[in-house]
Structures are given as structure tokens and as C-alpha cells.
Amino acid sequence: MPGSTAELLVDLSALRSNYCTLCEMTGSVVGAVVKANAYGLGLEPVVKALAAEGCQTFFTAYTHEALALRALLPGAEIYVFSPQIFRDAAQLVAHELKPCLYDLPSVLHFCAAAKANGKKAQAALHVETGINRLGVSAENLDIILAHSELHHIEIDMVMSHLACADEPDHALNALQLSRFRDIVARCGNVRASLANSAGLFLGEDYHFDLVRPGIALFGHDPHYRHCQPRVQPVATLQAPLGQIKTVAAGEHIGYGATVRCDRDTTIGVILAGYADGIPRCLTEPGVRHHVGLGGAKVPLLGRASMDLITADLTGLPGDAAAVGCQVEFFGSQVAIETAAENANTIPYEILTGVGPRVKRSYLRAAQKS
Ligand SMILES: *Cc1c(COP(=O)(O)O)cnc(C)c1O
């Protein structure tokens, strides 16, 4: 059976090197956030590569993701950001997964599950400091900490989450930091965690005991507008050319006939489309996203279909492109930040949107030239 056409190439040695960079930058425990199938890159190869580099703490969003991770790494420390606690508590306890608890009912329910299991279970307390999603309000913190049922569990981490860490000058960063410091002081001797990727790049004040990077491990520095990116690209999305041909002046290209050729135009038909996670809005008139082709960059031309996208090869020397050549949508030639900007979104959505049809391939250190 032939392989799929579009391919997401994941450079596991770049991933490992990014993990080391973040460890060196912070001196804190680096807990890897691997929710959503490790941001679309594939859970198993990603967590095994991180574990091989010494990573022992992981975060998932949901319980089923944590269960999949537990099967891969029996000894790892695993936190679950957004458990459905009233449904999942018993499973969390049974598999030693640590929920990030976010209000008194969730705490009490988890205490009851731990009690029923006859063993102290561990959990984190997620405290609200300003993003206003999940989290214990600062007012309710003391009620939880003083609750008589709390002895059934061990709160081993207090955490919060930054709303504007990708904007280093945003006033909410300092406000959340100061609120978090007050909260940590009230929690006694328990480890503290505030920073995601963008937060850890805000500097030492934000590091506390443990940092929680996701996207930086996977190659995007959220502060790239302000400084040289401090992490290496990890993922490349590519697909082969299926046909090269000349379209006569006056002809149109693609659905909606959004492009009318004003001259004879050489086009390449790429074997990938929006079903592979390439945003259709990258091909709206006026966007002109450029893709990489053998070191050159060529603009997309005409609307993306579900499985096909056309590019303008007119400017290329005659032998620069051939059927079967790989075209890069993002990766080392075309920054994922550029693809995200052109699609009016962020690299997170581009990575997690890569479709299930796309084959994930893994480049390990030994294969690198
Ligand atoms: C997703 C998430 C992270 C990781 O965020 P990145 O911006 O990818 O580093 C950290 N903490 C929480 C609570 C999250 O939901």
C-alpha cells in the first residue's frame, strides 16, 4: 500500500534540543505539555524522545489523553489540566494521574475518590489570577486549604495560567505575577508553576519551581516578533507535486475561479488540501502564501480544494520542479509563524489542525546528516 501523500515530518532531535534549551534557560523543572496528541505531532514518539532526554513530568488536557500517556510511560508524573472530575475521578486515582483541581466541588469529589481507594492521591490546585477560565478564585482558596476532607489527598503543586504572556509589555503579566506570589505564600510548602512557553520567556520572575511549555518544545517562540527565536523548528508539513502544466492566458484556476491568468502560467498541482489541515484561507485572493520548493519560494494560486492545491511555478527555472518534488507549507524553509499569520491564526492552530490523514514521520538524531 502506498503511503499517504502529505507528510508531517517531526525532527525529534530538534525537539530534544528545545527541551534542553528550556531546562538551561529556567533551571526549573520543565514539565512538557503534550495535550492534543502532542500538538498534533504524535504522542508516543514525542513523549519517548522527551523521556529519553530526562523529562519526567507531563501535562495533558483531558483524562483520556493522560491514560494513553500512562500506558506509554508507566513511571512518569502526569497532570491533567481539564479533567471531567465527576466522571473521571476513580480512573485518575487508579492510574495515579494528578488532576488540576479548580473549585471546592472538584476538590471534594477527588478527596472522596481517594478515600474510596484507601490511598492518598495527589493533585494540583489551579488558581485563578486573571485569565478567568478554570481555576479556584483567590477568595475560595483558604476555604479549600482549611477543609477537613483535604487530608485524603496531597496538593503537590499550585499553578495558574497567564493570559497575555505572548505580549511581554502587557500590564496583566505583572498583575498576574503579583497575585500568584500572594497565593503561593498562602499555600505553604508546595511547588509553584505559572509559566507556559511565552511565560517562561518573560524571565526568571515567572519561572517558580516548574514551567509548563508546550509550543516552545514544538518549535515556536511566542516572542519571535521581539527577538531571535530561541527554539528550533520541529515540524515540517510537506506534500508532493502531482502534475505540472501550463494554463493559457485568460483561463481560470480553482473553485470559484478566483484567479484569472493574465499570461500563460505554469502551475504545479500539489497533492494536499484543506482536509490535510492546510487552511483554505491561505489561498484566498490577496493572501499569496508562498510555499517552499527545492530552496525556492513560490506563491499558491487559486483556492485550495479538499485534496489539491495549486501553486504558480512560472518564475522557476525549467528544471527546478518535477512531479514528485516535495512542496513545503511550513517548516525550515517557510516559518510556521508566516503560515499562521497568512492564515490569520497562530502556530498552535496550524499544528493541531494537521489532519489525521497526514502521515507523521520522525527524524531521529542518527538519520540527520
Ligand atoms: C496548553 C497549556 C500550557 C502550554 O502552553 P504553551 O503556550 O503551548 O506553552 C500550559 N499551561 C496550561 C494551563 C495550558 O492549558
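Read the numbers this way: they start at 1 and go in the same order the structure lists the ligands and their atoms.
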Is R303 salt-bridged to E284, cutoff N-O under 4.0 Å? yes
F81: which residues meet the ring-ring contact (aromatic ring centres under 6.0 Å, His included) condition with it, sequence neighbours left out? F59
Is the Lys NZ or Arg CZ of R230 less than 6.0 Å from the centre of F201's six-membered ring, within 45° of the axis? yes
Please identify each residue that fulfils side chain to side chain contact (heavy atoms under 4.5 Å, CB included) with L271, with sequence neighbours left out. T5, P240, L308
At less than 3.5 Å, what protein N or O atoms come close to the N or O atoms of ligand 1? Include the distances to 0.1 Å.
| from | atom 1 | to | atom 2 | distance (Å) |
| --- | --- | --- | --- | --- |
| ligand 1 | 7 (O) | N196 | ND2 | 3.3 |
| ligand 1 | 7 (O) | Y348 | OH | 2.6 |
| ligand 1 | 8 (O) | Y39 | OH | 2.5 |
| ligand 1 | 8 (O) | I215 | N | 2.8 |
| ligand 1 | 9 (O) | S197 | N | 2.8 |
| ligand 1 | 9 (O) | S197 | OG | 2.5 |
| ligand 1 | 9 (O) | G214 | N | 2.8 |
| ligand 1 | 11 (N) | H161 | ND1 | 3.4 |
| ligand 1 | 11 (N) | R212 | NE | 3.0 |
| ligand 1 | 11 (N) | R212 | NH2 | 3.3 |
| ligand 1 | 15 (O) | K35 | NZ | 2.8 |

Sequence neighbours left out, what passes ring-ring contact (aromatic ring centres under 6.0 Å, His included) with H109? Give chain and number order. F86
Look at atom CD of E349 and say whether more than 12 heavy atoms of other residues, nucleotides or ligands are closer to it than 6.0 Å. no
